Amino acid sequence: MKLHVALLPFFISICFINMSVNINAKSLCHEREQLLLLNMKHNLIFNTAKSQKLVYWNQSGDCCQWNGVACNKGRVIGLDLSDEFISGGLDNSSLYNLLYLQNLNLAHNSIHSLIPSKFGLLKNLRYLNLSNAGFQGQIPVEIGQLTKLSTLDLSTSFISQHRLKLQKPNIGMLLQNLTELEDLYLDGVMVSAIGKEWCYAISSLHKLQVLSMSSCNLSGPIDSSLSKLQLLSIVKLSLNNMSSPVPESLVNLSSLTTLQLRSCALTDVFPKGIFQIEKLMVLDVSDNQDLGGSLPNFPQDGYLQILNVSNTNFSGQLPGTISNLKQLSTLDLSNCQFDGTLPISLSRLTELVHLDLSFNNFSGPLPSLNKSRNLKYLSLFQNGFRGQITSTHWKGLLNLISINLGDNFFNGNVPATLFTLPFLQDLILAHNDFDGVLDEFQNASFSTLKFIDLSNNKLQGPIPMSFLHLRNLQYLHLSSNQFNGTIRLDMFQKLQNLLILGLSYNNLSVDGTFNDDHGLPSFPSLKNLYLGSCKLRQIPAFLRSQSQLVGLDLSNNQIQGMIPNWIWRFDNMLNMNLSNNFLTGMEGSFENLSCNAWMVDLHSNQLRASIPSFIRGAVHLDFSNK
Ligand SMILES: *[C@@H]1O[C@H](CO)[C@@H](O)[C@H](O)[C@H]1NC(C)=O
Ligand SMILES: *[C@@H]1O[C@H](CO)[C@@H](O)[C@H](O)[C@H]1NC(C)=O
Ligand SMILES: *[C@@H]1O[C@H](CO)[C@@H](O)[C@H](O)[C@H]1NC(C)=O
Ligand SMILES: *[C@@H]1O[C@H](CO)[C@@H](O)[C@H](O)[C@H]1NC(C)=O
Ligand SMILES: *[C@@H]1O[C@H](CO)[C@@H](O)[C@H](O)[C@H]1NC(C)=O
Ligand SMILES: *[C@@H]1O[C@H](CO)[C@@H](O)[C@H](O)[C@H]1NC(C)=O
Ligand SMILES: *[C@@H]1O[C@H](CO)[C@@H](O)[C@H](O)[C@H]1NC(C)=O
Ligand SMILES: *[C@@H]1O[C@H](CO)[C@@H](O)[C@H](O)[C@H]1NC(C)=O
Ligand SMILES: *[C@@H]1O[C@H](CO)[C@@H](O)[C@H](O)[C@H]1NC(C)=O
Ligand SMILES: *[C@@H]1O[C@H](CO)[C@@H](O)[C@H](O)[C@H]1NC(C)=O
Ligand SMILES: *[C@@H]1O[C@H](CO)[C@@H](O)[C@H](O)[C@H]1NC(C)=O
Ligand SMILES: *[C@@H]1O[C@H](CO)[C@@H](O)[C@H](O)[C@H]1NC(C)=O
């Protein structure tokens, strides 16, 4: 269990009291305190069916033993009523008479009212936690009179119209006398401050260690006065519209362990020195499209665990010193302007869990990752990587959940071991130069694979029968390769979760005629079926019961005869392509038909009849004979 540091004194005092109760009956709860607690309970509105603490408070027993109550010498000094389903009854509460109270936690309740100004009476409070308690509106000035506070948490994770506000008093006034503050959480509070005002207010809190103010509607600039706060360790300011640079002086925050500035509309160049702050563990400057920068040489034995610069204008290469970050578990450089080859030293990052280099201009080979035993997510999508993916690269990477190598220039064989990784769900190798024959693989029926995309490569030979046992498979895209042989569609029926099947543009002969006179859909989940250029001679009859179909491609086959009437009866169809066949006409009557398809392509057939009016409503219609 993780205890927050600020809560420690609270828990220690519980233990202390427990011990002393056994030795010395004198530290039992004071009668007055017990009465105040019972009175408070009496006035509180809370859900007695769900309460885990309040509901058990009663006349009998020692109030210092009650759940959620902490005492010192018989006085109540701590109250933890978080998650008690409290919805009101705090206005005239005897809570405010518990004058010895030091720690108060009302987090995670649904008290939809203003924060009562009477909180200001609890002058001994050191820890006040009203996070996600449901309080709304302007924060009263009386909170600013709790001058002993070292932790103040007024954060909300649900941004609503009724969120807490700091307008009058503003943040400057609220914090003016709270000079003992070490941990300040105001996430989600609507803070009205002009320019550097909020920075000035914060930078007078000399003991501050935690500053958490994401989604506060702060505006920039971020002022260098913050760098005065030498104890500052955690800074979370994500989702504020700063429209400003990150001041160079922040490199002087030598205690910094976490810096989160996601989606802050940051500009200019990110100070390189910040990467080199000795204790830094988490750095997230993602989603700042106008923020440039490059990765520095990382110091020996750096502590960085999470580095996210995704969706910024960062550029340059990934330095070889990346391997100095021995604890690195998340490296997200996606959607930037990085280029160059990856350093061989990347192979030494043994703690890597999440590696995302997608949407950059990296090139060259992928270094072996077989020492990153914890790797779960790997995306290299849309780069210029080349070379082979040998099975030794993947040896022992048993934790992989997602592999995306799509849109690169990888070549050579696809190692069959990829299909047998025990937790793998997504395997995307599309748009590369992979070739050779895919081997059959073992234990397919235990596979967790859901998503396979091998399309647009040069894979040859038969489609491995092992695929037909991947029972969790939802997406199988094998189009635009050189697979050959004959394949019977009914063999895919074992894949009952299949949403999308793509076999188009191979050298396959697909046999879609099979006995399905049960009238139920053969593929209960199928939404998209791509069978372009599959040597079909007729429209597969089983399609008739696939009422969920959204997309159907039967183009470039040898389908002859009439278009069956039922084909116009798919309610959800968006895109149907029957072009480049030998279709000669349309079967049946068109009464009561309304074809909602967004696009119907019938061109290059031998249709002679005029276009039935019900199809004319379709937005895109290509009915030409060429
Ligand atoms: C009163 O409190 C005691 C001790 O906390 C508990 O065991 C008992 O069940 C409670 N009685 C009622 C009626 O809630
Ligand atoms: C609170 O108590 C005061 C005086 O005791 C009373 O006038 C007021 O109506 C009470 N308010 C509520 C909401 O109970
Ligand atoms: C406030 O209480 C909630 C619920 O117990 C907890 O998750 C949160 O970490 C607390 N905040 C602080 C600053 O201790
Ligand atoms: C802070 O303290 C000063 C001096 O005691 C006082 O004048 C001021 O009103 C206090 N501010 C707040 C917000 O309580
Ligand atoms: C958020 O801040 C901007 C100025 O930065 C202000 O115009 C806007 O009114 C604020 N939004 C709210 C809801 O107060
Ligand atoms: C962010 O602030 C800038 C400058 O104050 C303003 O032009 C821009 O519209 C704001 N963007 C958003 C999303 O509020
Ligand atoms: C960092 O602090 C030192 C000493 O206080 C000062 O000389 C230096 O100018 C500061 N650096 C920046 C970039 O503000
Ligand atoms: C990095 O940041 C982006 C944008 O904020 C986010 O979508 C992504 O999940 C983050 N990456 C990781 C690995 O957490
Ligand atoms: C991104 O950086 C390049 C130089 O690397 C620069 O030319 C371009 O203007 C920058 N784009 C933005 C949006 O800042
Ligand atoms: C990507 O890198 C290649 C060289 O590897 C270069 O020719 C190309 O211009 C780069 N593309 C972009 C968009 O920077
Ligand atoms: C890891 O990969 C390297 C490079 O491909 C290879 O030389 C080494 O034998 C592999 N190690 C294991 C345990 O497979
Ligand atoms: C299928 O492709 C493989 C590999 O290219 C080849 O050896 C085989 O002869 C082909 N089979 C057919 C029936 O074309």
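Just so you know, residue 1 is the first one in the sequence shown, and it goes up from there. In listed order, ligands and their atoms are each counted from 1. Here the structure is a predicted model, which is why all the values come from computation and not from measurement.
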| field | Pick from D80, N129, L81, N103: the one approaching atom 6 (C) of ligand 3 most closely through a non-hydrogen atom | value | N129
| In Å, rounded to the nearest 0.5 Å, how long is the span from CG of L378 to CG of N404? | 8.0 Å
| query | Measuring from L226:CG to W198:CH2, what's the distance to the nearest 0.5 Å? | reply | 5.5 Å
| Contacting atoms of ligand 3, where contact means under 4.0 angstrom from a heavy atom of H108 | 4 (C)
| note | In ligand 4, the atoms that come under 4.0 Å of a heavy atom of Q176 are 1 (C), 10 (C), 11 (N), 12 (C), 13 (C)
| request: Verify whether one side chain among Y127 and N129 offers a donor that lies under 3.5 Å from an acceptor in the other. | output: yes
| message | Does this structure show an ion pair linking E142 with K118, if we count only N-O contacts that are shorter than 4.0 Å? | response | no
| Carboxylate-amine/guanidinium contact K326 D301, below 4.0 Å | yes
| field | Side-chain H-bond candidate by donor/acceptor type, N383 with N408, under 3.5 Å | value | no
| request: Answer yes or no: does an N/O atom from N105 fall short of 3.5 Å to an N/O atom of ligand 3? | output: yes
| If you measure from the SG of C63 to the SG of C29, is it under 2.5 Å? | yes
| field | S131, any N or O under 3.5 Å of ligand 3 N or O | value | no
| Is the shortest distance from atom 2 (O) of ligand 6 to a protein heavy atom below 4.0 Å? | yes
| Under 4.0 Å from any heavy atom of S243, which atoms of ligand 6 are there? | 1 (C), 2 (O), 3 (C), 4 (C)
| request: Report, in ascending order of atom number, the atoms of ligand 3 lying under 4.0 Å from any heavy atom of Y127. | output: 1 (C), 10 (C), 11 (N), 12 (C), 14 (O)
| task | Could you label the plane-to-plane angle of the F314 and F338 rings as parallel, tilted or perpendicular, counting under 30° as parallel and over 60° as perpendicular? | result | tilted
| task | Starting from atom 13 (C) of ligand 4, find the nearest protein heavy-atom neighbour and note its residue, name and distance. | result | M173 O, 3.3 Å
| query | Judging by distance only, is a nitrogen or oxygen of Y185 under 3.5 angstrom from one on ligand 3? | reply | no
| query | Which atoms from ligand 4 have a heavy atom of Q145 less than 4.0 Å away? | reply | 14 (O)
| Protein heavy-atom partner closest to atom 8 (C) of ligand 6 - residue, atom, separation in Å | N241 ND2, 3.7 Å
| note | atom 10 (C) of ligand 4 sits nearest the protein heavy atom N177 ND2, 2.4 Å
| message | Looking at D83 and K53, is there a salt bridge between them, counting it only when a charged N and a carboxylate O are closer than 4.0 Å? | response | no
